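Starting off with a structure, shown below.
The structure displayed is predicted, hence computed values, not measured ones. Numbering starts at 1 and runs along the sequence shown.
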Amino acid sequence: MRKALVCGILLALLRPVWGADELAASLRLRGGFDSNPQFSNGTGIGGSAFIATDASLVAAHKDGDIGLGLAAEASRTQYANPDVVSALNGKVIIRGMLGGDDLNLSSVTTISDVSTYNLRSSDLIQSVKGEAKISSFKMFVTAEGARSSLNQTNAIFQDFLPEAQQYLRGTVIPGIAYVHGKFEVGTSVNVSVRRYAREFDVFGYRRDNERVQPFVFAKYADKDFSVAGSLSQLRGTWHDPDFSDVRALLYDGKLHWKRDAFTLDLAAWRRANETTFPISPITIDAAFTGKLSWAASANLTLSAAAGYATTRYLDSPFEATTRSIAFGGVYDLGNDYALGLDLTYAQGVLISGDNANALILSSSITRKFTPLAQGTDSKTGTKTFGKLL
């Protein structure tokens with residue numbers, strides 16, 4: 001949870017804006033020192049210097065009623081301390097769309113892989129969504145299939161499981177929304193089934209389950225202000241009699257506000273996540289984050305952020321919490337180069353009940369690439385696209 005809260009990757013979001021061909025990429029090199037890279041209770045392997053590379057790419061193309069898009073990101077962190085496992089993350093999203101605002105069909109393929117000191121996971125997700133708009137009402141249905149693999153460290157083996165837990169997931173999400181100007185409100189229901197490759201996991205539990213999760217959601221988006229939120233009730237039934245049926249209230253909310261030189265971003269969510277923990281069917285994770293940015297000058301942006309996260313293991317008394325505070329600055333060097341400096345402090349209570357803390361100091365240099373950035377023809381005054389670099 002600490003890695004997700006403090007050192008999480010900023011995913012390249014594929015926006016459904018198909019106005020023209022788009023291509024953008026960025027490469028960031030980071031280096032610094034982490035006093036507790038495995039977020040242990042202080043009796044672990046100690047701190048370490050590190051170097052990291054983060055790369056992202058977004059591309060989009062539209063031809064009539066057909067739109068195609070790609071978003072990809074990869075990150076690797078290597079530590080000087082040989083006892084610290086390097087972290088590797090990658091994600092690719094391929095999106096296709098056919099139709100217009102009144103009637104369209106879209107497909108999203110997601111491939112992701114994560115490998116850290118306490119988590120090894122991979123996902124292949126295929127989603128197809130149909131949407132129709134009649135007057136101010138929007139009706140939609142999404143069908144999704146996924147194959148996932150999950151392996152986490154645990155106290156029993158003192159390491160990863162002998163083999164990862166693999167499962168298939170099928171999901172159907174019908175819904176309806178009312179749209180008026182910049183405001184949208186609606187309701188949907190998520191019905192899903194999970195089937196594991198092995199009937200019993202390594203601890204002898206059956207993890208097959210079915211879930212029903214009705215949603216209500218709303219959002220408002222303006223130029224300098226946007227807010228979105230959803231509320232849902234998860235009802236899950238597991239095949240193993242030792243796992244209690246799950247009844248959990250979940251939520252997700254975001255707020256973005258920009259005023260003059262200041263930008264405020266707030267987020268709060270409570271979600272259900274898969275786990276390999278022996279006596280828990282799932283975990284209920286919650287997080288609250290806030291970030292305030294200040295454009296101190298045309299080239300310098302300063303920021304401060306804080307976060308609080310919890311992971312609760314159902315059917316057990318175990319829980320882990322993390323608190324963090326961070327300060328950073330980015331200086332634009334021009335010509336698509338930027339320098340960054342970040343300081344983060346995290347403090348938490350581990351599942352064992354022990355306290356842990358970490359101090360992370362890093363600097364970075366980022367290079368952005370926009371080979372298809374729009375320019376203006378000096379003779380005609382029309383928009384043009386630059387050549388590929």
*asked:* Less than 3.5 Å apart, any donor N or O on the side chain of His61 or Glu22 sitting next to an acceptor on the other?
replied: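 Looking only at side-chain atoms, Glu22 and His61 do not form any donor-acceptor pair under 3.5 Å.
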*Answer yes or no: is there a side-chain heavy-atom contact under 4.5 Å between Lys138 and Glu184?*
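Yes, close enough: below the 4.5 Å cut-off.
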_Rounded at 0.5 Å granularity, tell me how far CD in Glu319 sits from CG in Leu350._
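Answer for the CD-CG pair, Glu319 versus Leu350, is 12.5 Å.
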*Could you give the distance from CG (Asn273) to OG1 (Thr311), rounded to the nearest 0.5 Å?*
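The CG atom of Asn273 sits 8.0 Å away from the OG1 atom of Thr311.
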*Take Arg211 and Asn190, measure what side chain to side chain contact (heavy atoms under 4.5 Å, CB included) needs, and give me the verdict at the end.*
CA-CA 8 Å; Arg211 307 180 195 182; Asn190 184 319; over 6 Å; no
*Under a 4.5 Å cut-off applied to non-hydrogen side-chain atoms, are Phe203 and Leu161 in contact?*
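Answer yes - side chains close enough.
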*Is the Tyr313 ring parallel, tilted or perpendicular to the Phe277 ring (thresholds 30°, 60°)?*
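Tilted, since the angle between the ring planes falls between 30° and 60°.
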*Modelled atom types, side-chain donor and acceptor of Asp354 and Ser352, under 3.5 Å*: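 On atom types as modelled, these side chains qualify, holding a pair under 3.5 Å.
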*Neighbour count above 12 (heavy atom, 6.0 Å) for Asp101 CG*: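 No, the 6.0 Å shell around CG holds no more than 12 heavy atoms from other groups.
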*Quick one: CH2 on Trp294 to OG on Ser303, what's the gap to the nearest 0.5 Å?*
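The OG atom of Ser303 is 12.0 Å from CH2 of Trp294, to the nearest 0.5 Å.
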_Salt bridge Arg28-Asp54, side-chain N to carboxylate O under 4.0 Å_ =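 Result for this pair is yes, salt bridge flagged.
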*Mind checking whether Ile282 and Val246 have side chains closer than 4.5 Å, heavy atoms only?*
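Yes, side chains in contact.
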_Tell me whether the count of non-hydrogen atoms from other residues, nucleotides or ligands lying under 6.0 Å of CZ in Arg259 goes above 12._
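No - once you tally the heavy atoms of other residues, nucleotides and ligands closer than 6.0 Å, there are 12 at most.
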*So do the side chains of Leu266 and Leu264 get within less than 4.5 Å of each other, counting heavy atoms only?*
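Result yes, sub-4.5 Å side-chain heavy-atom pair found.
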*Run the ring-centre check on Tyr220 versus Phe183 and record whether the distance is less than 6.0 Å.*
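No, the ring of Tyr220 stays outside the 6.0 Å limit from the ring of Phe183, centre to centre.
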*Any chance the rings of Tyr205 and Phe200 have centres within less than 6.0 Å?*
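Not under 6.0 Å, so no.
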*Could you list the residues that satisfy salt bridge (charged side-chain N to carboxylate O under 4.0 Å, His left out) with Arg271, not counting sequence neighbours?*
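Result, salt bridge (charged side-chain N to carboxylate O under 4.0 Å, His left out) vs Arg271: Asp252.
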*Show your reasoning for whether side chain to side chain contact (heavy atoms under 4.5 Å, CB included) applies to Thr289 and Tyr308.*
CA-CA 7 Å; Thr289 62; Tyr308 175 75; over 6 Å; no
*Please confirm whether Arg367 makes a cation-pi placement over Tyr337, using NZ or CZ under 6.0 Å from the six-membered ring centre and within 45° of the ring normal.*
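So Arg367 does make the cation-pi contact.
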_CG (Asn335) with more than 12 external heavy atoms under 6.0 Å_ =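 No - once you tally the heavy atoms of other residues, nucleotides and ligands closer than 6.0 Å, there are 12 at most.
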*Any chance you could measure Ser112, atom OG, to Glu73, atom CD, to the nearest 0.5 Å?*
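That separation rounds to 12.0 Å.
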*Would you tell me whether Arg312 and Thr310 have side-chain atoms, one donor and one acceptor, within less than 3.5 Å of each other?*
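Not at all, the side chains of Arg312 and Thr310 share no donor-acceptor pair under 3.5 Å.
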*Could you give the distance from OG1 (Thr366) to CG (Asp336), rounded to the nearest 0.5 Å?*
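Result: 11.0 Å between the selected atoms.
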*Please determine, by modelled atom types, if Gln126 and Ser107 share a side-chain donor-acceptor pair under 3.5 angstrom.*
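Yes.
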*asked:* As a quick check of understanding, evaluate side-chain hydrogen bond (donor to acceptor under 3.5 Å, both in side chains) for Ser297 and Asn299, giving each step before the final call.
replied: CA-CA 5 Å; Ser297 68; Asn299 291 12; 5.7 Å; no
*asked:* Are there over 12 heavy-atom neighbours, none belonging to Lys368, within less than 6.0 Å of that residue's NZ?
replied: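 Check fails, neighbour count at 12 or below.
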_For the student: nearest non-hydrogen atoms of Asp315 and Ser244, plus distance_ =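 Heavy-atom minimum between the residues: OD2-N, 2.9 Å.
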*Drop me the distance from Ser316's OG to Ile279's CD1, to the nearest 0.5 angstrom.*
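So the gap between those two atoms works out to 4.5 Å.
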*Give me the one residue out of Leu103, Asn104, Ile66 that meets side chain to side chain contact (heavy atoms under 4.5 Å, CB included) with Leu98.*
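Looking at Leu103, Asn104, Ile66, the match for Leu98 under the side chain to side chain contact (heavy atoms under 4.5 Å, CB included) is Ile66.
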_Under 6.0 Å from the ring centre and within 45 degrees of the ring axis: does the NZ or CZ of Arg169 meet both conditions for the six-membered ring of Tyr167?_
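Not satisfied by the 6.0 Å and 45° rule.
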*I would like to know whether Met97 and Lys62 meet side chain to side chain contact (heavy atoms under 4.5 Å, CB included); could you show each step before the answer?*
CA-CA 9 Å; Met97 181 179 288; Lys62 181 174 175 62; over 6 Å; no
*Using a cut-off of 6.0 Å, state whether more than 12 heavy atoms not belonging to Arg235 lie near its atom CZ.*
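12 or below, so no.
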*Between Gln166 and Arg147, is any pair of side-chain heavy atoms under 4.5 Å apart?*
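Yes, their side chains come closer than 4.5 Å.
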*asked:* Which residue is it: Ser188, Pro174, Ser106? I am looking for the one with a side chain to side chain contact (heavy atoms under 4.5 Å, CB included) to Phe140.
replied: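 Only one of Ser188, Pro174, Ser106 forms a side chain to side chain contact (heavy atoms under 4.5 Å, CB included) with Phe140, namely Ser188.
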*Salt bridge or not for Lys133 and Glu131, using N-O below 4.0 Å?*
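So Lys133 does not pair with Glu131 through a salt bridge.
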*Determine the sole option in Asp201, Thr275, Thr276, Asp240 for which the side-chain hydrogen bond (donor to acceptor under 3.5 Å, both in side chains) test with Arg207 is passed.*
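The residue from Asp201, Thr275, Thr276, Asp240 that satisfies side-chain hydrogen bond (donor to acceptor under 3.5 Å, both in side chains) with Arg207 turns out to be Asp201.
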*Trace of the side-chain hydrogen bond (donor to acceptor under 3.5 Å, both in side chains) decision for Ser26 with Ser56*: CA-CA 5 Å; Ser26 69; Ser56 63; 2.7 Å; yes
*For the pair Asp222 (side chain) and Asp224 (backbone), establish whether a donor and an acceptor sit closer than 3.5 Å, ignoring hydrogens and angles.*
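Such a contact is absent between Asp222 side chain and Asp224 backbone.
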*Is there side-chain contact between His239 and Glu210, with heavy atoms separated by less than 4.5 Å?*
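They are in contact (side-chain heavy atoms under 4.5 Å apart), so the answer is yes.
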_Any side-chain heavy-atom pair of Leu150 and Leu119 under 4.5 Å_ =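 The answer is yes, as the side chains (C-beta and beyond) meet within the 4.5 Å cut-off.
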*asked:* If you apply the rule side chain to side chain contact (heavy atoms under 4.5 Å, CB included), what do you find for Asn209 with Thr237, and how did you get there?
replied: CA-CA 6 Å; Asn209 63 89; Thr237 302; over 6 Å; no
